[in-house]
Amino acid sequence: MIKFYTDSACNIANLKIIATSEFYSTKVEAVTLTAESKQYKTLPILEAVDGTTFFSSNASCRYLSSLGNVSASFEVDSWLEWEVSVLQPSVSLLLKATKEEAVPVSLKKNLTYLNAVLAKQQFLSGKENFNLADIVIWANLYPLFKASVLSEVSDLPNLQKWLTLLKDKEPLSKSFTCFAGDAKSENLKKKLVCNSSITPDDSRFFMPVEVSGLSFDSEVDKDSQDVSKEPDVTTEEIELAYQSWLKGKSALPPPKANKGPVLPKKGERNILITSALPYVNNIPHLGNIIGSVLSADVFARIAQDIFNKLYAQDLVLQDSVEQLFCESCQRFLADRFVEGTCPLCLYEDARGDQCDKCGKLINAAELKQPQCKICRSTPHLRSSKHLFLDLPKLEESLKQYLEKATSTGHWSNTAKVIANSWLKEGLKPRCITRDLKWGTPVPLEGFTDKVFYVWFDAPIGYLSITANYTDKWEEWWKQPGEVQLYQFMAKDNVPFHSIIFPACQIGSKDNYTIVNHLAATEYLNYEDVKFSKSRGIGVFGDDAKDTGLPSDIWRFYLLYLRPEAQDTYFSWSDLMLKINSELLNNLGNFINRALSFIGNNFGGSIPEMTLEDGEKLLIAQLDRELKSYIQCMEKTRLRDAIKYMLNISRMGNQYIQSNKPWERIKGSPAEKSRAGTVLGLSANICCLLCNLMEPYMPDTCSSLRAQLSSQPTQQVLGDSFVCFMPAGHKIGKPVPLFKKIEQDLIDELKKKYAGRQSPDKELVVSPAPKKTEEIKANTSNDVPNGLLSDDEIAKLEALVAEQGIKVRELKTNKAEKSAIDKEVAALLDLKKKLTLAKGETPEPPKSKSKNKKKR
């Protein structure tokens, strides 16, 4: 019999498990534990017939649904991951709120998102696909609805209808009665609790690290847990960790000194890392950096040749396509030079090759209300002959490869969902050529005036970049059995790296190294809005340097909020908070106090260490954190790994604080010896932290290594915490690693990069749209920089496009010159005002002199 261990609390995690059990008719024996009889520190827990224990409520629900002959699906998995990483924390914030009206903004956004999804379909996974995703998310929200703490639901009719629809299903109605009993609204509200902390690892792995079942007044955030509380560490773990510690540096792999080009070696682990080439139309902003380049840095053209091989395999089609041509610019428009409304989700700011909102690849000709990005006029279709990659012929081979890669490799959930949605819809031929003057020429008769589409060409650039590094590049790119390929990017690049590029590699019949692990991030936004260089909103590459903040500060903060599962937001206030609390008060404080005390009281030499049981337990705890750090790095969960590093320094701080070496050093010889043990172990923790910091803050790590007088043999990270620096090792001069960021600086930077956005953007009620005549009247004079709002700038852009059409129509109809000149003057005036409104400098008018030929 399956056993379900819980207590009497109204824990939402309980309802998830009860509802899943009822719906899938899986018999479960509930065992209610009292405070005195609790054998587990976290509840609820599910124990399978074979003794397997599930500590994650979502893992429990997956297991119970599988017993009901329900197979797993990527769609359900993506919803469950969203529930545990996005929805659940926001529900937890609501239950912690002290004011009646204090509903977290994050929860409001999540409810609005669900309402929008349910506006298009009856259930979360489709019109008729009621499944585990609905049950789990319903279990989060329905108790709040019944406890009258979700007044916002009344403004979200689709969500309210869905909640009621599910409640009327007998298994769920029965499960809620079992969960809440006859508790009235107010009583239920007081009793409700929620899983407040999630495992940093994927929730699909059944690891006993999720903290659940916390009461209303004892909720603990993962980043501020009291790690001095003894974790559930076994005697065997303690002994193994202590033996590794005693082996010291001999337990570590030897440091590698790479001379000349680094090449893969047989029998060793060879890792090849790429970051998506950042195609930006200006200086890259922080979102461009975190999505690809920085993430790949932490984890540490031969296009014509591939085309010829695809062509020889009969995998290239020829066809005429309708392509957008700008009459004003007199050229076919590249995809990125066309903007308009997405034909699939109706997002109004889609690009000509992809919609950032729904993630679908589109053809520019499919856009509604297309505009030329250069002149804002409306382009028109012209027929042009092009080449297509015959993806349907490669679909089965690609599907087989991706099924293996996504199941055995480390793919972010975002990457898996996007890749599998493409395969689910069925692959279609994809155009791989463009009518442009720049790019890689097409080596085929009849198409030599065209170039390759950038996303056919660009990924192949990884090969040519490697070839520039070494003429033995094929050892990296044509030995898939010896090399593991990790690729980092933002989610908009996933289709090209998971579908298009692998299809080309497979179709060429060469033995290419194809992506094994794909880490895709969501988007990083700026203070709740989008980055905009033209409007001065956000921090761009050159701005980050001008702030005077060290590069390591930027690296740390961007990686701390890396958007691994959902969009995140850069915030100046949060940057100050994280740097001052985590780097200065936590990490920097621990390292400086430990090393300074050794320098001042032990002549800068590591003291003798006589470890007691408490130290052995601490070593085992640190060993666990280290292993979790390494596991997160292996799975490209860089944001989660950084938190384990901070946990280690937090444990070090508490170790020093509880043992008070500043008092012991004044006592008896035994007390002084005890102080030496505490500081010697602390110094070794500093050495461990230095190795963990290196990928995130290399400059700071270099400074700390000088303070530690660290040797190459002490700079290797193994999978166990060891004694890096034995007694007698001489350290250098300790100096603080970080400086406090003051509020005045933050206020200055926030103002400097705020652009022309409204400070209370979400609270501003937009006025009714102005008529064209009103806008023209309001913009009749030169526009001072920053006077117009974003909406008014958009309306000016629309006016420019409208006026451009009017001018072209007059020219087409051969109107009188005076009439044409009048409208051209109006168009130029509008363009000037638009340029000024964007904060740009208008170009001086060009003199036009025409040489008339005499006949």
Side-chain angles (χ1 to χ4, degrees), residues 199-202 205 207-209 222-223 225 227-255 269 298-300 410 556 559-560 582-583 586-587 590-591 594 609 611 614-656 680-698 700-701 704-705 708 710 712-726:
T199 168
D201 198 3
D202 194 314
F205 291 88
M207 298 181 64
V209 292
K222 173 67 176 171
D223 294 341
Q225 289 184 39
V227 292
S228 64
K229 293 180 181 178
E230 181 180 336
D232 189 15
V233 179
T234 65
T235 303
E236 184 181 9
E237 277 185 275
I238 294 174
E239 183 59 28
L240 287 174
Y242 181 54
Q243 291 305 318
S244 294
W245 162 269
L246 291 177
K247 290 179 182 177
K249 293 177 290 184
S250 64
L252 299 174
R269 191 180 181 201
V298 168
F299 197 83
H410 304 311
F556 169 83
L559 289 159
Y560 190 94
E582 293 292 9
L583 288 190
N586 176 13
L587 184 64
F590 166 65
I591 292 172
M609 291 169 277
L611 303 185
E615 274 83 28
K616 294 176 183 178
L617 172 60
L618 177 61
I619 289 171
Q621 293 172 341
L622 294 170
D623 207 51
R624 267 195 174 185
E625 298 294 314
L626 170 60
K627 286 177 169 59
S628 296
Y629 170 96
I630 293 172
Q631 187 180 52
C632 286
M633 292 292 272
E634 289 283 357
K635 296 177 182 297
T636 68
R637 312 270 311 225
L638 311 182
R639 182 191 63 196
D640 292 329
I642 205 172
K643 294 182 180 179
Y644 282 111
M645 177 185 76
L646 295 173
N647 280 349
I648 289 175
S649 64
R650 194 172 292 113
M651 293 166 76
N653 265 318
Q654 293 180 349
Y655 172 60
I656 286 183
L681 178 55
S682 295
N684 274 279
I685 298 174
C686 292
C687 195
L688 171 64
L689 285 169
C690 185
N691 293 338
L692 301 181
M693 287 164 54
E694 202 279 335
Y696 296 95
M697 297 175 283
T700 305
C701 178
L704 179 53
R705 280 181 174 156
L708 294 168
S710 176
T713 53
Q714 298 163 337
Q715 299 170 11
V716 178
L717 185 64
D719 58 3
S720 296
F721 176 39
V722 304
C723 181
F724 295 98
M725 300 186 298

Can [X] and [Y] be counted as having a side-chain donor-acceptor contact under 3.5 angstrom?
| X | Y | result |
| --- | --- | --- |
| E239 | Q243 | yes |
| R624 | N647 | no |
| E615 | Y655 | yes |

Under 3.5 Å, side chain of [X] to main-chain N/O of [Y], donor-acceptor pair present?
| X | Y | value |
| --- | --- | --- |
| D623 | A241 | no |
| K627 | D719 | yes |
| Y629 | I642 | no |
| D640 | C632 | no |

Within-4.5 Å side-chain heavy-atom neighbours: [X] and [Y]:
| X | Y | answer |
| --- | --- | --- |
| L646 | Y560 | yes |
| N586 | N653 | yes |
| S720 | W245 | no |
| M609 | N684 | yes |
| L717 | L688 | yes |
| M697 | L583 | yes |
| M645 | E625 | no |
| M633 | P695 | yes |

Between [X] and [Y], which heavy-atom pair has the shortest distance, and what is it?
| X | Y | result |
| --- | --- | --- |
| A594 | I656 | CB-CD1, 4.0 Å |
| V233 | A620 | CG1-CB, 3.8 Å |
| L626 | F721 | CD2-N, 3.6 Å |
| C686 | L704 | O-CD2, 4.0 Å |
| S649 | L689 | CB-CD1, 3.7 Å |
| V716 | N691 | O-ND2, 3.7 Å |

Kindly indicate, with the supporting measurements, whether the criterion side-chain contact (heavy atoms from CB on, under 4.5 Å) is fulfilled by V722 and K249.
CA-CA 7 Å; V722 304; K249 293 177 290 184; 5.6 Å; no
Check this for me: does any side-chain nitrogen of one of R650 and E582 sit under 4.0 Å from a carboxylate oxygen of the other?
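Answer for the salt bridge query: yes.
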Inter-residue atom distance [X].[atom1] - [Y].[atom2], 0.5 Å rounding:
| X | Y | atom1 | atom2 | value |
| --- | --- | --- | --- | --- |
| Q621 | K616 | CD | NZ | 14.5 Å |
| I591 | C690 | CD1 | SG | 7.5 Å |
| L618 | I685 | CG | CD1 | 5.0 Å |

Stepwise side-chain contact (heavy atoms from CB on, under 4.5 Å) test for L638 and Y696:
CA-CA 9 Å; L638 311 182; Y696 296 95; 4.2 Å; yes
Would you please test F590 and S682 for side-chain contact (heavy atoms from CB on, under 4.5 Å) and show each step?
CA-CA 8 Å; F590 166 65; S682 295; 4.0 Å; yes
May I have the step-by-step check of side-chain contact (heavy atoms from CB on, under 4.5 Å) for L246 and C723, ending in yes or no?
CA-CA 7 Å; L246 291 177; C723 181; over 6 Å; no
